Visitor: 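Dropping the structure in here first, questions after.
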2 protein chains.
Amino acid sequence: MSDLLERLRGRGWRLTAQRRVVAEVLDGDHVHLTADEVHARAVERLPEISRATVYNTLGELVSLGEVLEVATDRRAKRYDPNAHRPHQHLVCARCGAIRDVHPSGNPLADLPETERFGFTVSDVEVTYRGVCPRCAAA
Amino acid sequence: MSDLLERLRGRGWRLTAQRRVVAEVLDGDHVHLTADEVHARAVERLPEISRATVYNTLGELVSLGEVLEVATDRRAKRYDPNAHRPHQHLVCARCGAIRDVHPSGNPLADLPETERFGFTVSDVEVTYRGVCPRCAAA
DNA sequence: TCCTACGATGGACTTTGTCTAAGTAAAGTG
DNA sequence: CACTTTACTTAGACAAAGTCCATCGTAGGA
């Protein structure tokens, strides 16, 4: 975490209270918060932080590659701080719970050259959908 | 196409001009329109069709399994009429162009049992991202 | 300590989508 | 063919998610 702040500082980031709080909120594994959720948690620590700042900071973290934007949900974007270990997502179709998962093999390799149509393919996003044990029991 | 209308009729659909137009607009390969684009094209043929009807009809087509909702874009949902042949999507990160692609193997099989955490996994959505030849040239 | 450019703020605005009450018409019935 | 039922459509209000902008504040260097 503090290494994240160090990295950001190294990139010329001005280290404000707001940015620190956003970074802290995003710390941890299996964290997939929406911008509004990040804002809600940030407000607990820094009541006057604005929505615009949260959006700005999240956008900056994404373009620096420190945080991933994931679209598991068809509504709000979610922000995943686990950007440095490649992984995919498993989503419960009922309750929306999200788990990080690690499929075997590299999904990028599954796209043959003949199916690339001249694109330079650099990234792949995989979302598995199903029903989690808790929803299945209920 | 007309077989789609037949199928819908068979399911007890009341066949209105509006629904017919929406179905016609969605006909074809590599069609990935947003709801608003569908509406815009529908209006050309049936000027008084409302946005609400387009949304309703698209939602019905999706729950009947005749059309897929895809979230390649981080903004609006896109509707893909090619629901009966499994495929994935390749998206240009610059211009947003979308191609249907057919990876080798079944992506669902790449998720080992140990990575399923008790979920009943039923579906997988794969989005490849890259730069299309036209954007690369520009 | 002071300055200044970068960042934060709140509110207006946009986009995408949902909901509702009232009107309209598809398709079955006689 | 006219009638009736009720599913469907409509316009517009509403909501959620996100962007933009003018203004103010402050981090961090001189």
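Note on naming: letters A, B, ... go to the chains in the order of the sequence lines (proteins, then strands), and numbering restarts at 1 for each one. None of the values given here were measured: they were computed from a predicted structure.
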Visitor: Is the distance from OP1 or OP2 of D:dT19 to the nearest side-chain N or O of A:Y55 less than 4.0 Å?
Guide: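 Answer is no, no contact under 4.0 Å.
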
Visitor: If you measure from CZ on B:R20 to CH2 on B:W13, what distance do you get to the nearest 0.5 Å?
Guide: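 B:R20 atom CZ to B:W13 atom CH2 measures 11.0 Å (nearest 0.5 Å).
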
Visitor: Take the protein atom CG of B:L15 and the nucleotide atom P of C:dG28, then report the distance between them rounded to whole Å.
Guide: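 After rounding, the gap between these two atoms is 12 Å.
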
Visitor: Closest-nucleotide mapping onto DNA chain C: is B:A17 or B:A76 further toward the 5' terminus? I mean the 5' end.
Guide: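 Counting from the 5' end, the first nearest nucleotide belongs to B:A76.
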
Visitor: D:dA27 P sits how many Å from A:L5 CG, rounded?
Guide: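 Checked: the CG to P distance equals 15 Å.
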
Visitor: Strictly distance-based, threshold 3.5 Å: is any side-chain N or O of B:Q88 a donor or acceptor partner for the main-chain N or O of B:V126?
Guide: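 The answer is yes, because a donor-acceptor pair under 3.5 Å joins these two groups.
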
Visitor: Check whether any side-chain nitrogen or oxygen of B:T16 sits under 4.0 Å from OP1 or OP2 of C:dA25, and answer yes or no.
Guide: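 It does not, given that no N or O in the side chain of B:T16 lies less than 4.0 Å from OP1 or OP2 of C:dA25.
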
Visitor: Regarding B:E66 and B:R7, does a basic nitrogen lie under 4.0 Å from an acidic carboxylate oxygen?
Guide: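 Yes, this pair counts.
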
Visitor: Is it true that B:R85 and B:D100 make a salt bridge, defined as a side-chain N closer than 4.0 Å to a carboxylate O?
Guide: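 So B:R85 does not pair with B:D100 through a salt bridge.
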
Visitor: If I take atom CZ in residue A:R20 and atom C1' in nucleotide D:dA27, what distance separates them, rounded to the nearest angstrom?
Guide: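 In whole Å, D:dA27 C1' lies 11 Å from A:R20 CZ.
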
Visitor: In whole angstroms, how far is the C1' atom of D:dA17 from the CZ atom of B:R75?
Guide: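 About 11 Å, once rounded to whole Å.
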
Visitor: I need the CG-P distance between B:L8 and C:dA26, as an integer number of Å.
Guide: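 After rounding, the gap between these two atoms is 16 Å.
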
Visitor: Taking atom CZ of A:R116 as the centre, report whether more than 12 heavy atoms of other residues, nucleotides or ligands fall under 6.0 Å from it.
Guide: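 It does: A:R116 CZ has more than 12 such atoms within range.
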
Visitor: If you round to the nearest 0.5 Å, how far is OG1 of B:T127 from CG of B:L90?
Guide: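 If we round to the nearest 0.5 Å, B:L90:CG and B:T127:OG1 are 9.5 Å apart.
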
Visitor: Could you state the CG-P distance from A:N56 to C:dG7, rounded to the nearest angstrom?
Guide: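 Going from CG in A:N56 over to P in C:dG7 covers 10 Å.
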
Visitor: Taking the side chain as every heavy atom from C-beta outward, state whether A:E24 and A:R41 have any atom pair closer than 4.5 Å.
Guide: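 When only atoms from C-beta onward are counted, A:R41 and A:E24 do not touch, as no gap falls below 4.5 Å.
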
Visitor: Taking atom types as they are modelled, is there a donor-acceptor pair under 3.5 Å from the base of D:dC8 to the side chain of B:R14?
Guide: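 No, no donor-acceptor pair under 3.5 Å.
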
Visitor: How close or far is atom P of C:dG10 from atom CD of A:Q18, stated in whole angstroms?
Guide: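 So the CD-P distance, A:Q18 to C:dG10, works out to 10 Å.
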
Visitor: May I have the distance from B:W13 (atom CH2) to D:dC8 (atom P), rounded to whole angstrom?
Guide: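 It works out to 8 Å between those atoms.
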
Visitor: Give, ordered by number, those residues of residues 36-53 of chain B having at least one heavy-atom distance below 4.0 Å to an atom of DNA chain D; if nothing qualifies, reply none.
Guide: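 Correct list: B:E48, B:I49, B:S50, B:A52, B:T53.
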
